[in-house]
Number of protein chains: 2
Amino acid sequence: MDTRDRLIESTRELLWERGYVGTSPKAIQERSGTGQGSMYHHFRGKPDLARAAIRRSADELRDRAEDAFAGPGTVVERIGTYLGRERDALKGCPVGRLTQDFGVMADPELRRPVEETFAWLIDRLTGLLAEGRASGELDPGLDPANMASALVAVVQGGYVLACAAGSATLYAQAVGGALGLLAGHVR
Amino acid sequence: MDTRDRLIESTRELLWERGYVGTSPKAIQERSGTGQGSMYHHFRGKPDLARAAIRRSADELRDRAEDAFAGPGTVVERIGTYLGRERDALKGCPVGRLTQDFGVMADPELRRPVEETFAWLIDRLTGLLAEGRASGELDPGLDPANMASALVAVVQGGYVLACAAGSATLYAQAVGGALGLLAGHVR
DNA sequence: GTCTATACCCAGATAGAC
DNA sequence: GTCTATCTGGGTATAGAC
């Protein structure tokens with residue numbers, strides 16, 4: 001991993017742990033083992049570096065989700081795989097947590113990848129649910145868009161509850177409830 | 001409203017808008033129209049003031065929720081009132097957002113009110129759902145604890161989605177999905 | 001590409017006058 | 001109770017040497 005890459009990876013970790021406002025160039029340099037000079041040679045400043053880090057985290061989330069969505073099994077099984085995938089619930093979502101970060105939301109360049117990620121996720125799930133409904137796997141009365149939003153919300157809210165309680169169990173409980181929701185719509 | 005109160009209210013607003021790390025004593029003083037001297041006379045420092053502000057926000061959330069839970073109507077109606085209550089979705093939850101704030105979670109004094117609020121909320125909802133199940137209003141197969149976690153998660157996740165999209169509609173969609181979930185369990 | 005020196009401003013707090 | 005002065009440290013960035 002070259003210097004530029006180490007800077008991005010360290011920034012990703014720090015953004016995940018402490019958010020944008022709470023992450024200083026100095027901390028990034030220390031974690032990545034690089035000096036001021038290197039950082040300002042490869043990036044114009046903190047926002048520029050954060051932009052690269054956020055884009056990478058967003059891409060990763062998308063790829064991992066797509067792995068589950070495009071995998072084998074029925075629509076409900078694939079969504080179940082996505083929801084149940086082991087997650088580091090106590091650390092929060094590396095992308096979702098940025099929506100609660102003032103510094104990120106105030107900068108359009110930083111905000112856009114976050115916005116696009118959730119738009120894609122909900123859209124992808126909506127399509128999957130519509131597909132399941134069309135094939136007869138799911139109840140015709142199900143509203144794909146509402147259900148997709150609710151499912152993504154349960155995941156994001158599950159992180160919040162787990163962080164609040166200091167226990168990953170809450171995440172599992174919330175997802176368990178959501179799976180019950182979906183199961184109720186299987187024909 | 002006296003000086004002490006203005007300081008607490010200004011801090012509440014700033015914590016809501018910018019989080020703990022992003023809120024400086026200077027900003028608090030400016031918003032409340034008080035000087036350094038006053039702030040450090042009434043409070044020992046930023047953490048002390050934040051503690052008072054967070055406790056007040058937590059109490060308010062609890063009181064507003066209890067209004068809905070203790071109101072008239074069936075269990076499902078009361079929960080629907082709680083979920084559907086107009087919320088400032090784009091500003092996020094004044095308590096929930098603190099779970100994603102490193103500065104808050106790292107300080108036990110600041111963290112405790114947040115933790116207690118969600119524990120109370122889930123517990124209260126679990127009790128309500130159990131009551132509905134016992135009275136025959138809800139399906140005997142419903143798991144009150146899981147469902148309570150899922151409902152609170154949808155609310156918290158709804159805030160995340162709304163912030164990400166810059167549109168309160170997403171919050172409404174997620175809640176719509178959650179209400180569908182509950183409706184499916186009415187006998 | 002990376003290093004060190006330097007600069008400026010703000011965060012957070014203390015001290016003592018009024 | 002409130003004001004102003006003052007202090008230390010860190011955030012963020014630039015300049016120029018190597």
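Naming: A, B, ... by sequence-line order, numbering from 1 per chain.
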What's the NE2-P distance between B/His41 and D/dT4, to the nearest Å?
17 Å

Could you tell me the separation between the CE atom of A/Met39 and the C1' atom of D/dT12, rounded to a whole number of Å?
8 Å

Approximate separation, where rounding is to 0.5 Å, of A/Asp139 CG and A/Arg133 CZ
9.5 Å

Check this one for me: any side-chain N or O of B/His42 less than 4.0 Å away from OP1 or OP2 of D/dT2?
yes

Taken to the nearest whole Å, NZ/A/Lys26 to P/C/dT4 is 13 Å

Can you see whether B/Phe69 has B/Arg78 sitting over its ring - NZ or CZ less than 6.0 Å from the centre and within 45° of the normal?
no

Check whether any side-chain N or O of B/Ser38 sits under 4.0 Å from OP1 or OP2 of D/dC3, and answer yes or no.
yes

Between B/Arg18 and B/Thr23, is there a side-chain donor-acceptor contact under 3.5 Å, judged purely by atom types and distance?
no

Distance-only donor-acceptor check, side chains A/Gln156 and B/Gln156, under 3.5 Å
no

Within this structure, what is the CD-to-C1' distance between A/Gln36 and D/dG16, rounded to whole angstrom?
14 Å

Can you tell me how far C1' of C/dA11 sits from CD1 of B/Ile28, to the nearest Å?
11 Å

Take atom CZ of A/Arg44 and atom C1' of D/dT14, then tell me their distance rounded to the nearest Å.
15 Å

Grab the OH-P distance between A/Tyr40 and D/dG11 for me, whole Å please.
11 Å

Does C/dT2 have OP1 or OP2 sitting under 4.0 Å from an N or O in the side chain of A/Thr3?
yes

To the nearest angstrom, the CZ-P distance between A/Arg18 and D/dG11 comes to 9 Å

